Amino acid sequence: VWIFGYGSLVWRPGFEFTSRKVGFIRGYSRRFWQGDTFHRGSERMPGRVVTLLEDCGACTWGVAYEVRGEQIAASLQYLNMREAVLGGYDTKLVKFHPQEKDAEEPILALVYIATPQNPSYLGPASEEDIAAQIIVSSGCAGHNIEYLLRLADFMRYFCPQAEDKHLFSIEEALVSILPCLYYTEESLEEA
């Protein structure tokens, strides 16, 4: 079984796997439209994490993990809790295209996608509003800023040829807001 990750799974799968491949799926774009009140936020201050939006001309880069034997039941049980129960995601089968030059046919992979019907779905917002929400959110897996920056780093280092305007626009908005926050905190300490 192959499992495709396009958010925190790219750097922290949290389950044992046999192999991993960087690549993409077609027909979806990644969006910071899913709320998170557990891993990267709280009930009071939900974080923002990614989900996939059906988009005919788009492709989303990430990592596919191969799980075999006893790994299958353990990984699916773990992911059903992490993504479906706590995250509000549904599962789908998608065609994964490995990045490798000599890659064979696409691989069928399981992917978790949050839909507008789940209670944690936040939907669209401006890049600046999303960045501002990310800056103030933190959950049991860490600060929401870490989530955004790790995902941007993954794209930069493992998929430099791929574009993800939404992701990099939010990162840019976050960087432009942070100096203001730093200055404000310093000013408050001095006052």
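Because the structure is predicted, anything quoted here is derived from the model rather than measured.
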With a 4.5 Å limit on heavy-atom distance, are the side chains of Leu110 and Leu79 in contact?
no
(Q) Salt bridge or not between Glu54 and Lys92? Use side-chain N to carboxylate O under 4.0 Å. (A) yes
Next item on the list: For Thr91 and Val111, indicate whether the former's side chain and the latter's backbone hold a donor-acceptor pair under 3.5 Å.
Entry: no
Same cluster (ILVMFWY, side-chain, under 4.5 Å), Tyr147 and Ile145: yes
Please verify the inter-ring angle class for Phe15 with Tyr78; under 30° counts as parallel, over 60° as perpendicular, anything in between as tilted.
tilted
For this session: In sequence, state the C-alpha distance, the side-chain angles, and the governing distance for Leu108 and Lys95, and then conclude on side chain to side chain contact (heavy atoms under 4.5 Å, CB included).
Result: CA-CA 5 Å; Leu108 272 183; Lys95 287 183 181 176; 4.2 Å; yes
Sorted by chain and residue number, the side-chain contact (heavy atoms from CB on, under 4.5 Å) partners of Gln71 (sequence neighbours excluded) come out as Glu16, Thr18, Val67, Arg68
When rounded to the nearest 0.5 Å, the distance separating CZ of Arg150 from OG of Ser8 is 10.0 Å
Separation between CG (Asp36) and CG (Leu122), nearest 0.5 Å, reads 9.5 Å
Exercise. Kindly indicate, with the supporting measurements, whether the criterion ring-ring contact (aromatic ring centres under 6.0 Å, His included) is fulfilled by Trp61 and Phe4.
Key: CA-CA 9 Å; Trp61 285 79; Phe4 178 67; 9.5 Å; no
Contacts of Arg30 meeting salt bridge (charged side-chain N to carboxylate O under 4.0 Å, His left out) (sequence neighbours excluded), chain-then-number -> Asp164
Sequence neighbours excluded, the answer for side-chain hydrogen bond (donor to acceptor under 3.5 Å, both in side chains) partners of Asp55 is Ser29
- Message: Is the shortest side-chain heavy-atom distance between Glu171 and Glu127 below 4.5 Å?
- Response: no
Donor-acceptor pair, side chain of Asn118 and main chain of Thr115, under 3.5 angstrom:
yes
- Query: Does Tyr6 use its side chain to pair, donor to acceptor, with the backbone of Tyr112 at less than 3.5 Å?
  - Reply: yes
salt_bridge(Arg156, Asp153) N-O dist < 4.0 Å
yes
Between the CG atom in Leu9 and the CZ atom in Phe154, the distance rounded to the nearest 0.5 Å is 11.0 Å
Aromatic ring pairing Trp33/Tyr121, orientation class (parallel under 30°, perpendicular over 60°, tilted between): perpendicular
Please check this pair: side chain of Ser75 against backbone of Ile72, looking for a donor-acceptor N/O pair closer than 3.5 Å. yes
*asked:* Strictly distance-based, threshold 3.5 Å: is any side-chain N or O of Gln99 a donor or acceptor partner for the main-chain N or O of Phe158?
replied: yes
The reported gap from CZ in Arg26 to SG in Cys56 (rounded to nearest 0.5 angstrom) is 13.0 Å
Note to self: Tell me if a side-chain donor or acceptor on Arg82 pairs with a main-chain N or O of Gln77 at a distance below 3.5 Å.
What the structure shows: no
Residues at least two apart in sequence or cross-chain that pass side-chain hydrogen bond (donor to acceptor under 3.5 Å, both in side chains) with Thr51, listed by chain then number, are none
With side chain to side chain contact (heavy atoms under 4.5 Å, CB included) as the criterion, how do Ile130 and Leu174 come out once you've worked through the C-alpha distance, each side chain's angles and the decisive distance to 0.1 Å?
CA-CA 9 Å; Ile130 291 172; Leu174 178 124; over 6 Å; no
Is there a chain of hydrophobic side chains (I, L, V, M, F, W, Y, each step under 4.5 Å between heavy atoms) that links Ile113 to Leu93? no
The side-chain contact (heavy atoms from CB on, under 4.5 Å) partners of Arg20 (sequence neighbours excluded) come to Phe17, Val22, Val63, Tyr65
query: Would you say the side chain of Pro46 lies within less than 4.5 Å of the side chain of Gln133, judging by non-hydrogen atoms?
result: yes
Taken to the nearest 0.5 Å, the spacing of Glu146 CD from Leu151 CG works out to 11.5 Å
Between the CZ atom in Arg48 and the CD1 atom in Ile135, the distance rounded to the nearest 0.5 Å is 13.5 Å
(Q) Could you check whether any side-chain heavy atom of Ile107 comes within less than 4.5 Å of a side-chain heavy atom of Lys21, counting everything from C-beta outward? (A) yes
Contacts of Gln161 meeting side-chain hydrogen bond (donor to acceptor under 3.5 Å, both in side chains) (sequence neighbours excluded), chain-then-number -> none
Report task. Could you tell me whether the side chain of Ser137 and the main chain of Asn144 form a donor-acceptor pair under 3.5 Å? Result -> no
Is any side-chain heavy atom of Val49 less than 4.5 Å from a side-chain heavy atom of Tyr89?
yes
Side chain to side chain contact (heavy atoms under 4.5 Å, CB included) assessment of His166 paired with Val50: CA-CA 11 Å; His166 178 75; Val50 293; 5.9 Å; no
